[in-house]
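See structure below.
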Amino acid sequence: MINKDNLVYYLGTALSQVITLLTTLYILYHFSPDSFGYFSLVLSVTSIIGSLSTLKFELSVAISKDSKSAIEKLSLTIFVSLLTNIIMSVLYFAFEPNIDLFILIAMSITIAMNGSIQQFILFEENHLLNGILPVLTALLNLIFLLLIKGDHALIFAYTISSWLVTLFYIFWMLKKGKEYFVFSLPSLKKIFHENRSFVKYIFPSSIATILIMYFHPILLSYLYNSANVGLFSFALRILLLPSIIIGTVTGALLRNSLSKLYFSGDYTAIKKEVNKILLWLLISCLICFPILEFFVFQLKNFVDISRWSGIENISVLIIFYAVSQFFFIPLSNIPLVFDKKKLLLKLNVIQLFLTLMIYLGAYLLKWQFETFLVVLSVVMMIFSAISCYCFIKIVKVKNVQTV
């Protein structure tokens with residue numbers, strides 16, 4: 001899964017997370033768990049809106065026959081996301097117009113635009129650009145965070161840096177293939193119908209995934225205090241670094257390579273590719289998570305984290321949850337490529353149901369915060385193991401049928 005062509009993709013993503021860690025150390029010193037908890041809450045809401053506003057058409061971009069088809073799908077994705085955000089902004093301001101809602105909309109649009117264009121860059125296999133832009137985003141976020149002062153510095157820094165990167169994406173796309181962009185409604189309608197299965201299966205499946213990923217700060221704020229929300233969000237932010245650096249990048253590369261092999265009908269190569277990713281993920285897991293736990297326990301030697309008391313204990317309690325996402329995220333691309341969207345929808349709905357049941361149990365039984373974290377981690381680890389087995393079974397069954 002690592003070669004001289006995509007190495008820069010991994011290195012760029014890793015460097016961006018190193019900068020993010022430096023930003024995190026700055027946050028530890030200058031902000032309280034309450035402030036970080038509020039930022040996590042706002043980011044969760046905007047990430048949900050931004051990710052869902054595309055109706056998940058962006059996932060169809062990487063699975064295209066040629067650049068023209070990919071840009072046509074990207075045109076539909078951008079049109080749908082902008083239309084959705086415009087409608088939601090009108091509804092927002094009709095009820096309660098204020099600056100906070102404007103920031104939410106601004107953040108939502110950048111999340112949708114950046115994620116969509118990244119899929120086209122992935123299709124083009126422009127790993128250099130995919131490696132550089134995360135570094136640029138993280139660096140800009142740190143610079144603006146150093147310059148901006150006040151209670152909402154975290155939100156403003158994130159929004160401004162994201163918008164600057166969005167403008168770069170737009171100029172790059174216009175230069176790359178503006179002649180292929182689709183602007184007519186009849187053509188967009190045709191592309192919509194050709195890819196409606198993504199709305200039918202992947203969109204509801206993604207709703208479940210996105211809610212699981214971003215709803216924790218929102219639901220936790222109803223069960224526990226904002227300090228616990230901040231501690232959980234911070235610990236998870238560190239432990240999800242392997243999922244961001246390795247899991248997400250590997251999943252994107254896997255989706256791209258499997259789709260090409262799938263179109264060519266080379267199922268033997270597909271099976272080898274999946275075996276390689278399993279070995280790669282296992283080795284990475286055994287190396288990365290012990291290092292991260294060591295890092296968390298050594299934080300007190302670098303910065304004053306007296307306001308973040310208990311962060312070490314929480315990082316240990318949610319380690320299984322982080323590992324579950326590390327495997328589930330990349331391997332969930334297998335049913336996407338093999339047109340097993342119903343299976344992916346089913347598993348994501350089950351995962352959402354289990355998560356909500358855990359929260360309900362915590363509410364009814366009045367669990368301590370630590371008890372909640374243990375139950376969440378263990379249940380999600382078991383679910384991830386079963387799901388990954390189902391994903392791998394798709395390739396084995398397909399291979400046997402072909403033979």
Side-chain angles (χ1 to χ4, degrees), residues 24 27-28 31-45 47-48 205 207-244 247 285 289-290 292-297 299-300 305-329 332 346-388:
T24 302
I27 292 172
L28 276 173
F31 295 89
S32 67
D34 292 319
S35 298
F36 188 76
Y38 177 73
F39 168 71
S40 299
L41 180 62
V42 172
L43 184 59
S44 295
V45 173
S47 297
I48 291 171
S205 176
I207 292 177
T209 303
I210 292 168
L211 290 179
I212 293 166
M213 185 178 299
Y214 296 112
F215 243 38
H216 286 300
I218 299 173
L219 294 177
L220 281 173
S221 63
Y222 287 100
L223 295 179
Y224 306 100
N225 58 48
S226 57
N228 283 331
V229 176
L231 289 169
F232 175 85
S233 300
F234 178 75
L236 194 60
R237 181 174 184 172
I238 293 178
L239 292 179
L240 285 182
L241 287 177
S243 294
I244 298 171
C285 176
F289 286 101
L292 285 177
E293 286 292 351
F294 177 79
F295 171 79
V296 173
F297 277 85
L299 274 174
K300 59 178 177 287
I305 60 171
S306 56
R307 293 183 297 178
W308 295 79
S309 176
I311 188 69
E312 299 95 341
N313 184 42
I314 290 176
S315 69
V316 173
L317 296 178
I318 64 173
I319 186 71
F320 285 145
Y321 177 80
V323 171
S324 72
Q325 298 306 300
F326 178 73
F327 283 92
F328 184 87
I329 290 173
S332 63
K346 178 182 177 180
L347 290 174
N348 280 321
V349 169
I350 292 174
Q351 186 176 189
L352 177 60
F353 174 78
L354 289 173
T355 303
L356 294 176
M357 288 300 99
I358 293 170
Y359 274 98
L360 182 61
Y363 173 76
L364 294 177
L365 301 177
K366 301 187 183 304
W367 288 341
Q368 294 292 324
F369 187 52
E370 291 76 11
T371 304
F372 163 79
L373 295 179
V374 171
V375 174
L376 178 68
S377 292
V378 172
V379 172
M380 287 299 105
M381 188 65 183
I382 295 172
F383 169 81
S384 179
I386 296 173
S387 299
C388 291

Report the distance from atom [atom1] of [X] to atom [atom2] of [Y], rounding to the nearest 0.5 Å.
| X | Y | atom1 | atom2 | value |
| --- | --- | --- | --- | --- |
| L236 | L241 | CG | CG | 10.0 Å |
| L292 | S315 | CG | OG | 9.5 Å |
| M380 | F328 | CE | CZ | 9.5 Å |
| S324 | Q351 | OG | CD | 7.0 Å |
| L373 | I319 | CG | CD1 | 12.5 Å |
| L376 | M381 | CG | CE | 13.0 Å |

Looking at residues at least two apart in the chain, or sitting in another chain, which of them share a ring-ring contact (aromatic ring centres under 6.0 Å, His included) with F289?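 Residues passing ring-ring contact (aromatic ring centres under 6.0 Å, His included) with F289: F326.
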
Working for side chain to side chain contact (heavy atoms under 4.5 Å, CB included), residues L239 and E293: CA-CA 8 Å; L239 292 179; E293 286 292 351; 3.9 Å; yes

Show me the donor-acceptor pairs within less than 3.5 Å that the side chains of residues 358-372 make with the rest of the protein, sequence neighbours left out.
{"unit_1": "Y359", "atom_1": "OH", "unit_2": "H216", "atom_2": "ND1", "d": "2.7"}

Shortest non-hydrogen contact from [X] toward [Y]:
| X | Y | result |
| --- | --- | --- |
| I311 | V296 | O-CG1, 4.1 Å |
| V323 | C285 | CG1-SG, 4.0 Å |
| L347 | F383 | O-CZ, 3.0 Å |
| A322 | S243 | O-OG, 4.0 Å |

For S377, the side chain to side chain contact (heavy atoms under 4.5 Å, CB included) test, sequence neighbours excluded, returns I318, F320, Y321

N/O donor-acceptor pair under 3.5 Å between S332 side chain and I329 backbone: yes

